[in-house]
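Working notes, structure below.
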Amino acid sequence: MSGVPELTAPRRAKKLSVTERVTEHGLKVIVVRKPGVPLVEMRLRLPFASARATHPARSALLSDAMLTGVARLDRAGLAAAVQALGGEISVGVDADRLMIGGNVLATNLRPLLELLAAVLNDATYPDDEVGTERERLVEKLAIARSRAGVIAGEALAHRMWGEHPYARGLPDVDTVSATTPAQVRKLHADMVRPRRAVLVLVGDVSPSRVLDQVDAALAGWTGVAPVGRIPPLPESEPGPLLVVDRPGSVQSSLRMGAAAVPRSDERYPALQLANLIFGGYFSSRWTENIREDKGYTYGPHSRIDHNVLGSSLMFDVEVATEVTAAALLETLYELGRIASLPVTAAEVDSVRQYAIGSLALSTATQAGLAATLSALAAFGLGLDWITEYPGRLAKVGVDEVSTAAAEFFAPARLTSVVVGDAHTITAPLAALVAVTADP
Amino acid sequence: MPRQITLPSPTFNLTHHTLDNGLRVVVAPDRSAPVVGVAVLYDVGIRSEPEGRTGFAHLFEHLMFQGSANLEKLEHFRYVQSSGGTFNGSTHFDYTDYFEALPSNALERGLFLEADRMTSPRITEENLANQLEVVKNEIRVNVMNRPYGGFPWIVLPGVLFDTFANSHNGYGGFEDLEGASVDDARDFFTRYYAPANAVLAVAGDLDVDQTLGLVEKHFGGIKKRRAPKRPNFGEPPLSAERRATHDDPHAPIPAVAIGYRVPDPVGSLDELLAHVMLVEALSEGDASRLQQRLVQRDQLVTDIAAYIGEFGDPFDERDPTALTITAHYPDAASLEAILRAVDEELARIADDGLAPGELDRVRTRLVSMLLRELDAVISRTLSFAKFELIHGRAELIAELPERLAAVTEQAVQAAASRMRPERRAVLELIAGGTR
């Protein structure tokens, strides 16, 4: 304690200004001038949810094959054109959205947007390239599912959300194998449309010029994607701890989850602070207990995930096989403690500063700000949320954090799974909680 | 005629200073955002571990977070995070880094925290026992329980290099880690953690004179100790191909790592840069040589990547360093065909040179990626410290676009012609997992 320097007066961040426009075809464009490095970051987010059983496979293959050819350029030609700009374009998909991301030297934004337009309007999905990507996707799925964390994540999603589309994270191999290039092209034609899509551009650029460049480049991109009916997220039933066998595992992967509230909810700042105190940063109770005191793990983490249909409080930790039950015991103890007893003012002060500081750090880069704005846009939030949120955090009282902890961290409301060597871990776990081997 | 392209270069305002105890300091103001980075790099890494103590440099890194002259255990983390900052440390082959990203009003606090552990970390039996378990769990999660865990950086050096320093498992065997004692740690600290064996970089929202004053205030009193003389770890290129296999019980499909020794990255920087351009031409993006040949045309591999440096950073190591090509592939019988195709693609570059525009587009993207990595204050801070420590000049970062612009097609061809079959080490990963 002795001699640690006090903090000096904080300096204010330069105010960023955002320029927004909805184009005539319904694309929302958000531009922020943020000098730093002479680059610009791009995030195009398209709503991509669907309740159809074949959707995860088709959308994954669409994502993997989207850049394999456009009307005037083959796969290598498109990649070479992007690279020559000092640029990059990549595509990813999840249950909520398709994300076309990228970055480029700021002076080359216009030609990058033209290449983006070629992909949006004229992606060809050649039969042979789709075939190549289909085979690769099957292999990549095999690799993903050989990881304990992926197995645990799929098992938890299934237990929390049953047959809901959110429970189908990765596509199944048989559906991927049965997917045709024509189906992928049709999905593109149906869903890759500007209305309700959001394009975020952040970098060393002039916003008004960028808006004109977007208008010019994407003028020919038109249409509306159908809005599929997605059922609401089911209320999850906690049930017993599911033990998934992965023979020979030297660690057990424990995952727990429960419903949370979105950023717009008035309880959200208190919930975020409670989460940090529990397991959301290194100085959390969970980390200090099972890592820094007991050495059971390299590190536990808890976090709040935001999906369009609902937010979730998620917990993950990998612990040595022989201390699996002991680690669960300490985890349940910490959950019970934060749900039942008040948090302290010192804890709240610490996480409040951390939440404010880490938000500032994560939005201090072009890429970080673009990613944050893109994620917020899905919920109708924008730069205002980033600038106003520290003020909301500052107003949260210690008792509000305790209330949020009691409401959300009660161990009785958590759905839980563990993936590990069932032969070794099941009996010790069964001594603590009800367990099941049935998914 | 190829279009003349102008590549942007970053500009930095760097101030250098050396304290009486030998600590080298680099300060780089940038007042565009109220954040600062503080990084200390010690000139000791995996290569300096004593025999029988594999993994010790990394275990020791953990011990540097366990309290120090004025701080109890857990206080370091709490002071950083309750200031709104983040921290970490990492162990590399030639150095170990410790760093914080902080709101700029915590600058002096960050300097104090680094100085306090440079003065004396609290190395106790209890902390050692605790962090031994943490490190074993780190190895379990990143290596033992994970398909392709630690592949190939843990195993390939043992095939490609000969000396203990260069070839051993840098994460460490459990037996070696369990044998580490408090005395080992104290000796290691005394020998390698002298101020004269370290570089401090401070960058971001700061005033240079005031910062140098704070550095003097907090680090100036640390006792001077002689910096150890670093041995030359260099090894000449291989003259005969080496083969080895590695069993992975969780991997569903096989993989291969092909390693080559490359020229001294510090003494022969321009040659290294030609190799950097070569690996970009080989595997960066769908237009690259190996992606087109092995993924798209022959469909032999699921993915393929080429990179320099054990962790993929070509500026991270002194001599020796490696150029590595890795691939995952579904059919275990196709290894020889993969090796042949790689050799053919290398020979094509060596013999026929590059396609029109290829060198320029590869270079443009490379510069763009280098710039992008400098956007975050903490990455910038770490880069200043790393280039100062490894290359002796933080300024080199700003000169890289120019140096890359001077790399000729002939230099890239020469780099490709060095990568002959007899100069490679091939590590085949045997997949033991279920599909």
Side-chain angles (χ1 to χ4, degrees), chain A residues 2-5 7-14 35-39 67 75-76 79-80 83-87 103-105 132 135-136 139-140 142-143 146-148 248-251 281-283 288 291-293 295-298 318 320 349-350 353-354 356-358 360-361 364-367, chain B residues 8 10 32-35 70 73-74 77-79 81-86 101 103-106 108-109 112 130 133-134 137-138 140-141 144-147 205 249-253 284-287 292 295-296 299 302 328 330 357 360-362 364-365 367-368 371-372 374-377 433 435:
Chain A
S2 58
V4 179
L7 302 180
T8 55
R11 288 220 317 139
R12 272 184 184 285
K14 283 212 176 79
V37 289
L39 298 174
L67 303 177
R75 180 178 192 161
Q83 194 177 30
L85 303 175
N103 56 80
V104 70
L105 292 174
T132 302
E135 296 307 312
R136 290 180 76 196
E139 300 302 332
K140 287 191 274 186
I143 289 175
S146 66
R147 298 175 66 151
S249 291
V250 295
Q251 279 180 328
Y281 76 153
F282 195 94
S283 299
E288 290 191 351
R291 172 179 153 134
E292 288 298 296
D293 186 50
Y296 292 161
T297 176
Y298 181 46
E318 327 288 326
D349 282 344
S350 177
Q353 285 312 309
Y354 180 76
I356 293 169
S358 54
L361 284 168
T365 60
Q366 294 168 351
Chain B
S32 63
V35 292
N70 292 286
K73 174 163 169 146
L74 302 179
F77 311 120
R78 290 175 178 176
Y79 274 112
Q81 295 193 313
S82 67
S83 309
T86 59
S104 53
N105 67 328
E108 185 177 4
R109 182 173 285 188
F112 170 89
N130 168 247
E133 290 308 312
V134 171
N137 274 311
E138 179 179 347
R140 289 184 184 111
V141 72
M144 298 163 70
N145 207 42
R146 173 191 295 242
D205 181 30
H250 296 296
I253 64 174
E284 176 65 28
D286 276 359
Q292 285 200 59
V295 178
Q296 298 160 33
Q299 303 187 6
T302 303
H328 297 84
D360 277 340
R361 69 169 157 80
V362 164
T364 305
R365 179 58 192 160
V367 169
S368 168
L371 291 166
R372 190 164 184 253
L374 296 173
D375 196 21
V377 68
R435 295 224 38 181

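Below, chains carry the letters A, B, ... as their sequence lines are ordered, and counting in each starts from 1.
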Distance in Å, [X] [atom1] paired with [Y] [atom2], rounded so as to fall on 0.5 Å steps:
{"X": "B:R78", "Y": "A:Y281", "atom1": "CZ", "atom2": "OH", "value": "8.0 Å"}
{"X": "B:L74", "Y": "A:E292", "atom1": "CG", "atom2": "CD", "value": "6.0 Å"}
{"X": "B:S104", "Y": "A:L7", "atom1": "OG", "atom2": "CG", "value": "10.5 Å"}
{"X": "A:R136", "Y": "B:H328", "atom1": "CZ", "atom2": "NE2", "value": "12.0 Å"}

List the atom of [X], the atom of [Y], and the distance in Å for their closest heavy-atom pair.
{"X": "B:S32", "Y": "A:K14", "answer": "CA-NZ, 3.7 Å"}
{"X": "B:F112", "Y": "A:G3", "answer": "CE1-O, 3.4 Å"}
{"X": "A:A367", "Y": "B:D375", "answer": "N-OD2, 4.4 Å"}
{"X": "B:P34", "Y": "A:R11", "answer": "CB-O, 3.3 Å"}
{"X": "B:T364", "Y": "A:A84", "answer": "CG2-O, 3.6 Å"}

Backbone N/O of [Y] and side chain of [X]: donor-acceptor pair under 3.5 Å:
{"X": "B:N105", "Y": "A:T8", "answer": "yes"}
{"X": "B:N145", "Y": "A:G248", "answer": "no"}
{"X": "B:Q299", "Y": "A:T132", "answer": "no"}
{"X": "A:E318", "Y": "B:V141", "answer": "no"}
{"X": "B:N137", "Y": "A:G295", "answer": "yes"}

Is it the backbone or the side chain of [X] that comes under 4.5 Å from a heavy atom of chain A, or both, or neither?
{"X": "B:P10", "answer": "neither"}
{"X": "B:E108", "answer": "both"}
{"X": "B:L371", "answer": "both"}

Close side-chain approach of [X] and [Y], heavy atoms under 4.5 Å:
{"X": "A:R75", "Y": "B:Q296", "result": "yes"}
{"X": "B:P147", "Y": "A:R147", "result": "yes"}
{"X": "A:L361", "Y": "B:V35", "result": "yes"}

> With respect to chain A, which residue among B:D205, B:L374, B:V367 yields the maximal number of heavy-atom pairs within a distance under 4.5 Å?
Replying inline: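 If we count pairs closer than 4.5 Å to chain A, B:D205 comes out on top.
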
If I measure from the heavy atoms of chain B, does [X] come under 4.5 Å with its side chain, its backbone, both, or neither?
{"X": "A:P38", "result": "side chain"}
{"X": "A:A80", "result": "both"}
{"X": "A:S146", "result": "both"}

> Does a donor on one side chain sit under 3.5 Å from an acceptor on the other, for B:R361 and A:Q83?
Replying inline: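 Present: a donor and an acceptor within the cut-off.
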
